[in-house]
Student: 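After the structure tokens below, expect a handful of questions from me.
Throughout, numbering of the chain's residues begins at 1 and tracks the sequence.
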Amino acid sequence: MDFKQKKKRVGYMRFLKWLMKSRYKQPAFIYVDEKFDDGTIILSNHEGTDAPMAIEIYFDRAIRMWGTGEMNSGLKRLYKYQTKVYYHEKKGWNLTLARLFCLLASPLTYLFYNGFDLISVFPNAKFITTLRESLKALDEKDNILIFPEGSSEGYLEELKGFFAGFITICETGLKKGKDIPLTTAYYRKKDNVYFFDKPILYSELKKICSTKEEMCDYMCSRCNALNKITLNEETIKNAQNKDGVVITLN
């Protein structure tokens, strides 16, 4: 199976990613039953910065991540978002500490976000911009990485639910004659393993679930199930390469 390689990022990203390898180690990429084809929507847990950075630094597949509009809308808006929402509300930091920390962290994060080639996610009517860019990326055989978990209580090991933005993309694609494949993914930080579930076509998901709420619950349950998988050390070691390994569950 021929996979599309990751697009080249802007020049400084190669240096930044090399620098960040001292903080983020090579994960083991584990596929359950089969690898997904390019042009797939990946629904993953977030695990703070660990899951996005594991993908960006080490995953050798073409990826476009969804990111909040604040991430892609200038340093000032990013600083406000990181201090109040990300570090204070989601990670529970003291607000003053978050503001001081982000005086250094936000400029570096801004460089990363610019280099990530993010797809900005906008609320309400502006979501049409997100939708168009996402469908265009899928047509070009990029994989769309979405972190749909509700994180108002922080990033939890057991995910409580998914937002339904991914369904809007799939439903629009289906109306245009494009049946978009979906897969769930779970980054397990404690042993540095990134799991990818067997993909499912959106048309098949619609046969299983009749409402958006059921679809979100079903995909969230599949994501959480990945965290229950047990692996031996040999499998993890063999999967610590750019291609990962495929496993079959009994």
Student: Less than 4.5 Å apart, side chain to side chain, heavy atoms only: is that true for Tyr218 and Leu205?
Tutor: yes
Student: Can you tell me how far apart CG (Asn232) and NZ (Lys237) are? Round to the nearest 0.5 Å.
Tutor: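 Between atom CG of Asn232 and atom NZ of Lys237 there are 12.0 Å.
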Student: Taking a hydrophobic cluster as the set of Ile, Leu, Val, Met, Phe, Trp and Tyr residues connected by side-chain heavy atoms closer than 4.5 Å, whether directly or through intermediates, do Ile41 and Phe122 fall within one such cluster?
Tutor: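 As far as the 4.5 Å side-chain criterion goes, Phe122 and Ile41 are not connected within one cluster.
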Student: Ring centroids only, cut at 6.0 angstrom: are Tyr86 and Tyr81 within range, meaning strictly under it?
Tutor: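 No, the ring of Tyr86 stays outside the 6.0 Å limit from the ring of Tyr81, centre to centre.
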Student: Quick one: are Phe162 and Cys223 in side-chain contact, heavy atoms under 4.5 Å?
Tutor: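 Yes. Closest side-chain heavy atoms under 4.5 Å.
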Student: Hey, is the main chain of Cys102 close enough, under 3.5 Å, to the side chain of Ser106 for a donor-acceptor pair?
Tutor: yes
Student: Kindly work out whether a path of hydrophobic side-chain contacts (I/L/V/M/F/W/Y, heavy atoms less than 4.5 Å apart) joins Leu104 to Met53.
Tutor: no
Student: Measure across Lys212 and Ala164 and return the closest heavy-atom pair with its distance rounded to 0.1 Å.
Tutor: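 Shortest heavy-atom contact: CD-CB, 4.5 Å.
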Student: Would you compute the distance between atom CD of Gln26 and atom NZ of Lys21 and round it to the nearest 0.5 angstrom?
Tutor: 8.0 Å
Student: Check whether any side-chain N or O of Thr183 sits under 3.5 Å from a backbone N or O of Asp197 as a donor-acceptor pair, and report yes or no.
Tutor: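 Indeed, once roles are kept as given, a pair shorter than 3.5 Å links the two residues.
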Student: About how many Å separate OG1 of Thr40 and CD1 of Ile180, when rounded to the nearest 0.5 Å?
Tutor: 9.5 Å
Student: When hydrophobic residues are tied together by side-chain contacts of less than 4.5 Å, even through go-betweens, does Ile167 share a cluster with Ile128?
Tutor: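 Yes, same cluster.
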Student: Step through the shown structure and confirm whether more than 12 heavy atoms of other residues, nucleotides or ligands are within 6.0 Å of NZ on Lys84.
Tutor: no
Student: Do side-chain atoms of His46 reach the backbone of Phe147 as a donor and acceptor pair under 3.5 angstrom?
Tutor: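 Side chain of His46 to backbone of Phe147: no pair is present.
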Student: Can you check whether Arg64's main-chain N or O pairs, donor with acceptor, with Asn143's side chain at less than 3.5 Å?
Tutor: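 Looks like no, no N/O pair under 3.5 Å.
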Student: State plainly whether the residues Asp50 and Arg23 are in salt-bridge range, i.e. N to O under 4.0 Å.
Tutor: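 Looking at Asp50 and Arg23, the cut-off is met.
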Student: Check Asn192, Asn45, Asn227 against Tyr187 for a side-chain hydrogen bond (donor to acceptor under 3.5 Å, both in side chains) and give me the one that passes.
Tutor: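 The residue from Asn192, Asn45, Asn227 that satisfies side-chain hydrogen bond (donor to acceptor under 3.5 Å, both in side chains) with Tyr187 turns out to be Asn192.
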Student: Using modelled atom types and a 3.5 Å cut-off, is there a donor and acceptor pairing between side-chain atoms of Asn224 and backbone atoms of Leu159?
Tutor: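 Yes, because the side chain of Asn224 sits within donor-acceptor range (under 3.5 Å) of the backbone of Leu159.
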Student: May I ask you to say whether Lys206 pairs ionically with Glu214, meaning some side-chain N is under 4.0 Å from a carboxylate O?
Tutor: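 Answer for the salt bridge query: no.
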Student: As a quick check of understanding, evaluate side chain to side chain contact (heavy atoms under 4.5 Å, CB included) for Phe166 and Met219, giving each step before the final call.
Tutor: CA-CA 11 Å; Phe166 68 94; Met219 297 304 284; 4.3 Å; yes
Student: Under 6.0 Å from the NZ atom of Lys228, do we count more than 12 heavy atoms belonging to anything else shown?
Tutor: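 Enclosed.
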Student: Given side chain to side chain contact (heavy atoms under 4.5 Å, CB included), test Thr129 with Leu131 step by step and report yes or no.
Tutor: CA-CA 5 Å; Thr129 303; Leu131 181 62; over 6 Å; no
Student: How close do Cys220 and Lys160 get, counting heavy atoms only, and between which atoms?
Tutor: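 In terms of heavy atoms, the two residues are closest at SG-C, 4.2 Å.
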Student: Does either side chain, that of Ser120 or that of Trp66, offer a donor lying less than 3.5 Å from an acceptor on the other one?
Tutor: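 No, no side-chain donor-acceptor pair sits under 3.5 Å.
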Student: CD of Glu157: more than 12 outside heavy atoms within 6.0 angstrom?
Tutor: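 No - once you tally the heavy atoms of other residues, nucleotides and ligands closer than 6.0 Å, there are 12 at most.
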Student: Apply side chain to side chain contact (heavy atoms under 4.5 Å, CB included) to Met65 and Ile146, showing your working.
Tutor: CA-CA 6 Å; Met65 297 185 199; Ile146 301 175; over 6 Å; no
Student: Would you say that Ile144 contacts Ile119 through its side chain, given a criterion of any heavy-atom pair below 4.5 Å between the two side chains?
Tutor: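 Ile144 reaches Ile119 side chain to side chain.
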Student: With ring centroids as reference points, do Phe101 and Trp93 lie under 6.0 angstrom apart?
Tutor: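 Yes, close enough.
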Student: Looking at Glu140 and Lys136, is there a salt bridge between them, counting it only when a charged N and a carboxylate O are closer than 4.0 Å?
Tutor: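 So Lys136 pairs with Glu140 through a salt bridge.
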Student: So do the side chains of Tyr202 and Glu171 get within less than 4.5 Å of each other, counting heavy atoms only?
Tutor: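 Side chain of Tyr202 against side chain of Glu171, heavy atoms only: contact under 4.5 Å found.
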Student: Is a side-chain N or O of Tyr87 found less than 3.5 angstrom from the main chain of Arg99, in a donor-acceptor match?
Tutor: no
Student: Backbone N or O of Phe196 within a donor-acceptor pair of the Lys35 side chain at under 3.5 Å?
Tutor: no
Student: Is there side-chain contact between Leu231 and Ile229, with heavy atoms separated by less than 4.5 Å?
Tutor: yes
Student: For Ala239 and Ile30, work out which heavy atoms get closest and say how close.
Tutor: CB-CD1, 3.5 Å
Student: Apply side chain to side chain contact (heavy atoms under 4.5 Å, CB included) to Phe29 and Tyr58, showing your working.
Tutor: CA-CA 9 Å; Phe29 293 116; Tyr58 295 105; 4.0 Å; yes
Student: Please lay out, stage by stage, how Asn238 and Thr235 fare under the test side-chain hydrogen bond (donor to acceptor under 3.5 Å, both in side chains).
Tutor: CA-CA 5 Å; Asn238 290 338; Thr235 300; 5.8 Å; no
Student: Output the distance between atom CZ (Arg61) and atom CG (Asp38), rounded to the nearest 0.5 Å.
Tutor: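 It comes to 4.5 Å.
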Student: Checking Arg222 against Tyr186: charged group under 6.0 Å from the ring centre and within 45 degrees of the axis?
Tutor: no
Student: Can you tell me how far NZ of Lys178 sits from CG of Leu135, rounded to the nearest 0.5 angstrom?
Tutor: 8.0 Å
Student: Could you state the interatomic distance from CG (Asp217) to SG (Cys209), rounded to the nearest 0.5 Å?
Tutor: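 The SG atom of Cys209 is 8.5 Å from CG of Asp217, to the nearest 0.5 Å.
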Student: Please tell me whether Leu138 and Phe127 are part of a single hydrophobic cluster in this structure, the criterion being side-chain heavy atoms less than 4.5 Å apart.
Tutor: yes
Student: Salt bridge (Lys or Arg N to Asp or Glu O under 4.0 Å) between Lys141 and Asp37: does it pass, once the steps are laid out?
Tutor: CA-CA 9 Å; Lys141 294 301 180 182; Asp37 290 329; over 6 Å; no
